[in-house]
2 protein chains.
Amino acid sequence: MAKTNKNQDTEGQILNAAESVFQKKGMDGARMQEIADEAGINKAMLHYYYRSKQLLFEAVFSNAFSLLAPQLNKILNDDSSIEDKVKNFTHNYITFISKHPYLPNFIIQELNRNPKFFEKIQQNAAFPTLEKFKNQVNEEVEKGILKPIDGEQLFVNIISLNIFPFVATPLIKGFLKIDDKAFKKMMEERKVSVSEFIINSIKK
Amino acid sequence: MAKTNKNQDTEGQILNAAESVFQKKGMDGARMQEIADEAGINKAMLHYYYRSKQLLFEAVFSNAFSLLAPQLNKILNDDSSIEDKVKNFTHNYITFISKHPYLPNFIIQELNRNPKFFEKIQQNAAFPTLEKFKNQVNEEVEKGILKPIDGEQLFVNIISLNIFPFVATPLIKGFLKIDDKAFKKMMEERKVSVSEFIINSIKK
DNA sequence: TTATGGTTTAACCATTTGGTTAACAAAGAT
DNA sequence: ATCTTTGTTAACCAAATGGTTAAACCATAA
């Protein structure tokens, strides 16, 4: 930064505030004034640093996505067996999301609003790819380690089981008639029960 | 209706247009003018029939929810075995949602925005409850038909596997690098593969 | 025919909202 | 010291938006 930086990182404060507001209310529901208030600064500063609501939003979105991507890379591109991958991913992912509960819904929602964001993000270096995972599933099926299953379907199943409860939290709380504490307990149990559920289904 | 009803159901046209716009853009993103345009009528009519954006939205939301609820009742409150329930629900649900792809995301999104909507809806008569399903799972586990599993966890797994791909369609298309046609084909396959996946996991 | 009352429209209104501007403050740089 | 660049603010602006109003429309009953 060639900037004089008289302040103590106003730019960062803005990004934090924007993250909080955008993730809770989405692009359409978020208000620039609310972000400014939460950052404790003048609204004009938002435009000084980020030009427009759109650009500020994109900064937040990229940031959020680059938090999630490495999590996926774990299951897609390390060298352990499918069984270990499922166990590790499920445990790590649920732990991670419990700390960032707004993240998955935010990304899914905004991707629905504008599917072209995906391409924008995809150019990122560490972008996860499915090839290795699919090959590995095929191998383990051939070796007789796994029952016959399509790698893509398995991938969709894994992320569905892990992510959905965090995306649909109010729905699940409602149907199960449980409060926040019980929900957290249930997610804690899922760190194990989900991987058991998957392994049970695919292991020969 | 004590109304003269000179028109051919303007009220219905409004509701249809509102459904389409709200489900695509959400409460915050939807514009009253856009709804009026899509209905082919004057904006003032929206207020004439529904008073406010909020009330129009609630009409759409209730409507949407009462489409989904009976689908869930099928798995929760009929008399077939768990295995048959899983098979039927998976097949029926994916078939149903393929015809209303915006529905699950709309409901989940707006429930996230305002969790109190759940209570509002819950007073509905045909509201599904989990008790019977949980008892049935316990029974079949005791009888040795199913491996030990918690009914609530199983329920969450079932709806996760069925609903998530429709909520996160752009994400899945992106990771799998597939177009709309391939996505539809994949969902078609899931009508069978998801229930196999679940049954494999829980059946003794 | 003409009153009546629900229905429909164009024009209007107040507020909200993203964004701009001009003036000012705080650091360097010269 | 003063000049220049960067950071910050209050006041302002134009457009968009949800909502209102008053007049017109039109089917029907008296």
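What you see is a predicted model, and the numbers here were worked out from it, not measured in a lab. So that the names make sense, note that chain A is the first sequence line, chain B the second, and so on, each numbered from 1.
- No side-chain donor from either of A:Glu139 and A:Asn135 sits under 3.5 Å from a side-chain acceptor of the other.
- For an aromatic pair to be called close, the ring centres must be under 6.0 Å apart, and B:Phe106 with B:Tyr102 fails this.
- Atom CE in B:Met45 sits about 3 Å away from atom P in C:dT8, given to the nearest Å.
- Using modelled atom types, no side-chain atom of B:Asn63 and backbone atom of B:Ala59 make a donor-acceptor pair closer than 3.5 Å.
- Among the nucleotides C:dG18, C:dT8, D:dT8, the one closest to any side-chain atom of A:Tyr49 is D:dT8.
- One atom, OH of B:Tyr48, and another, P of D:dT21, lie 15 Å apart when rounded to the nearest Å.
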Find every protein N or O atom lying less than 3.5 Å from an N or O atom of nucleotides 10-14 of chain C, and list the pairs.
| residue | atom | partner | partner atom | Å |
| --- | --- | --- | --- | --- |
| C:dA10 | OP2 | B:Asn42 | ND2 | 3.3 |
| C:dA10 | N7 | B:Asn42 | ND2 | 3.2 |

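- Between the side chains of A:Asp84 and A:Asn88, no donor-acceptor pair is found at a separation under 3.5 Å.
- Atom CG of A:Asp9 and atom P of D:dT6 are 18 Å apart (whole Å).
- The closest donor-acceptor contact from the side chain of A:Lys53 to the backbone of A:Met27 lies under 3.5 Å.
- Within residues 51-60 of chain A, no residue has any heavy atom under 4.0 Å from DNA chain D.
- Look at B:Asp150 and A:Arg190 and you find no salt bridge, because none of the NZ, NE, NH1 or NH2 atoms lies under 4.0 Å from a carboxylate O.
- The CG-P distance, from A:Leu46 to C:dG19, rounds to 10 Å in whole Å.
- Contact check on A:Glu188 versus A:Lys185 returns no salt bridge, with no Lys/Arg side-chain nitrogen under 4.0 Å from an Asp/Glu carboxylate oxygen.
- Taking the six-membered ring for Trp and the full ring otherwise, B:Phe117 and B:Phe57 have centroids separated by under 6.0 Å.
- A:Lys85 contributes a side-chain N or O that, together with a main-chain N or O of A:Asp78, makes up a donor-acceptor pair within less than 3.5 Å.
- A donor and an acceptor atom, one from each side chain of B:Lys184 and B:Ser98, are nowhere located under 3.5 Å apart.
- With hydrogens and angles left out, the side-chain atoms of B:Asn157 and B:Gln153 include no donor and acceptor closer than 3.5 Å.
- Note on A:Thr10: every side-chain N or O is 4.0 Å or more away from OP1 and OP2 of D:dG7.
- To the nearest angstrom, C1' of D:dT9 lies 15 Å from NE2 of A:His47.
- Applying a 4.0 Å cut-off to non-hydrogen atoms, none of the residues of residues 17-36 of chain A approaches DNA chain D.
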